[in-house]
Amino acid sequence: MPTVSVKRDLLFHALGRTYTDEEFDELCFEFGLELDEITSEKDIISREQGNTKAEGASDVILYKIDVPANRYDLLCLEGLVRGLQVFKQKMEAPRYRRVSPASGEPQRLVITEETAAVRPHAVAAVLRNITFTQERYDSFIELQEKLHQNVCRKRTLVAIGTHDLDTISGPFTYTAKPPGDIRFKPLNQAKEYTAQELMSLYKTDSHLRHYLHIIEDKPVYPVIYDSNGIVLSMPPIINGDRSKISLNTKNVFIECTAIDLTKAKIVLDMMVTMFCEYCEEPFTVEEAEVVYPDGRTCLYPPLFVCNGLFVSSESTEHIAQLLTKMCLRSEVTSDGKQIEVEIPPTRSDVIHACDIMEDAAMAYGFNNIPRTTPRTYTVANQLPLNNLSELLRQDLAAAGFTEALTFALCSQEDIADKLLKNISETRACHISNPKTAEFQVARTTLLSGLLKTVAANRKMPLPLRLFEISDVVLKDETKDVGARNNRRLCAVYYNKSPGFEVIHGLMDRVMQLLEVKPGQGNGYHIQAADDSTFFPGRCAEIFARGKSIGRLGVLHPNVINRFELTMPCSALDIDIEPFL
């Protein structure tokens, strides 16, 4: 969950009253938030860097509030105060309006076809005659950063640029050029750089270096120019210094470039709706026109207001009042059976009727929901497969074996090459985009994990007796997901001698516990088998009730070597699901 830090006194001033810490904590809970921490800038620095570094830092009390990840409208002081004021019924939920400029001609952003190779989408809007204070300015910048880290996915999906409109002139052009052809003075720098030079400059920047990878390997870089050829920004890296906003800025041009147009619209809506209350005409946003490469034009911001009908078994009047408290303006329809709900542009998280019902429940108060006896009585019980696994674990431990718990993901080499198998024969499910070579596939056997555990504990006294009872994953076309879990038991014995008789004795003990007697038919027996993982002539296939359930034997020397082991090892690997 994102955490929003707000100054306590500033928050209380905006709310119009003072709360104790306990009262505000209760208010947050009622609204579906959590007051995570009460601290100060000085406390934070002292805790992280020591008391010496904290000298001179601010003692102003900060509230750190956890907000739901999909509530982008609560990521700044303005949205938080607005939501709480509407919830406490001290103000009505505002209606946001998109208006045409007084001059009649909207600001225009022209997208060229070259952008298709990097970031093909762009949207824009204008906040006209806005008044900034230091607190408002700080909140404006902080909201951009919160959105960049949240819905923008660290600028990979969307990048926000804000500019002082009075320092530039439209129409604006969003294009893409080779890095050597882009030259401008970036934000807070003293001279001009080419895009290539900027990439080198920011490789050591603690903040911007995390975004360089988004475009640095592209043949062209995105860039936005005004009508005079002045660079507004090179998204998603840095804005130009010429158009930077300040406390004296009166007109703000906001552009969002993106690879996801839906996310770009959401981000633009959030930026303008949160701060349009500071415009000369509150809650109005000046439209901007975006011209696409194919000649299409579109006016932004969308500021969509969705209307939907909602049916409830509770009192419709009461539900409508509860939803209105959550910034969802609601009215009962003429027949009195349905509720018409208005979804504002700030609530992009509402995508289904269940989201509306969740808000109604939140406004009602979860603590106010009466306790009732369930209409259906059920008795919880352990799954039979898990119960069997637990019983076997206890008895295997009593037999002198130590349980191991290994990763469900492993490398292709672990289940194929190291076990002298072909990867195509393993029926393994592959991870489409593995982050590391150690986690490429879902394991098809527990044996490789146990052998890696033995290798990591070679210095322990011999013999090593290990077992594991866990799931493996196998491809299965009969399942709706194309794969299934299979519960298996695997055990290894590692010593100076192979110890085949030890592993054979363990198998006999397991069968005794499962009440399967030796013999053909309904009993169990073993017969010689060939398996590349095991030493030739030292491998047996296990049959129980006429069905093959696994194998046991002495591992092949090449398998031992590939797991960096030096002693002989015997192994048992069986499927326990047939014994349910």
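All values derive from a computational prediction rather than experimental measurement.
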Under 6.0 Å from the CZ atom of Phe407, do we count more than 12 heavy atoms belonging to anything else shown? no
Under 6.0 Å between ring centres: does that hold for Phe543 and Tyr524? no
If you measure only the distance, is there a donor-acceptor pair under 3.5 Å linking the side chains of Asp575 and Asn486? yes
Thinking salt bridges, do Lys203 and Glu216 make one under a 4.0 Å N-O criterion? yes
Note: Arg562-Asp417 ion pair, threshold 4.0 Å (strictly below): no
How about Ser424 and Asn422: does a side-chain donor come under 3.5 Å of a side-chain acceptor? yes
More than 12 heavy atoms of other residues, nucleotides or ligands under 6.0 Å from CG of Asn522: is that the case? no
Salt bridge check: are Arg443 and Glu468 linked by an N-O gap of less than 4.0 Å? yes
Separation of Ile259 CD1 from Leu261 CG (nearest 0.5 Å): 12.0 Å
Paired with Lys452, the side-chain contact (heavy atoms from CB on, under 4.5 Å) test is passed by just one of Leu447, Asn457, Asp414, Leu565, namely Asp414
Look up atom CD1 in Ile423 and atom CD in Glu425, then write down how far apart they are to the nearest 0.5 Å. 10.0 Å
A quick test of your reading: do over 12 heavy atoms of other residues, nucleotides or ligands sit less than 6.0 Å from CG of Asp217? yes
Between Gln440 and Ser411, is any side-chain donor less than 3.5 angstrom from a side-chain acceptor? no
Could Lys154 and Tyr211 be counted as a cation-pi pair, given that NZ or CZ must be under 6.0 Å from the ring centre and within 45° of the axis? no
Are any of the side-chain nitrogens in Arg488 or Asp573 under 4.0 Å away from the carboxylate oxygens of its partner? yes
Is Glu390 atom CD crowded by more than 12 heavy atoms from other residues, nucleotides or ligands, each under 6.0 Å away? yes
Salt bridge Asp36-Lys64, side-chain N to carboxylate O under 4.0 Å: no
Answer yes or no for Arg538 and Phe535: cation-pi contact, defined as NZ/CZ to six-membered ring centre under 6.0 Å and angle to ring axis within 45°. no
For Phe563 versus Ser448, what's the shortest heavy-atom pair and its separation? CE2-O, 3.6 Å
Out of curiosity, Leu466 CG to Phe401 CZ, how far, rounded to the nearest 0.5 Å? 8.5 Å
Please test Arg427 against Asp476 for salt bridge (charged side-chain N to carboxylate O under 4.0 Å, His left out), starting from the C-alpha separation and ending with a verdict. CA-CA 8 Å; Arg427 293 193 293 163; Asp476 188 341; over 6 Å; no
Distance from Thr402 atom OG1 to Leu464 atom CG, nearest 0.5 Å? 8.5 Å
Distance in Å, His556 NE2 paired with Ser532 OG, rounded so as to fall on 0.5 Å steps: 8.5 Å
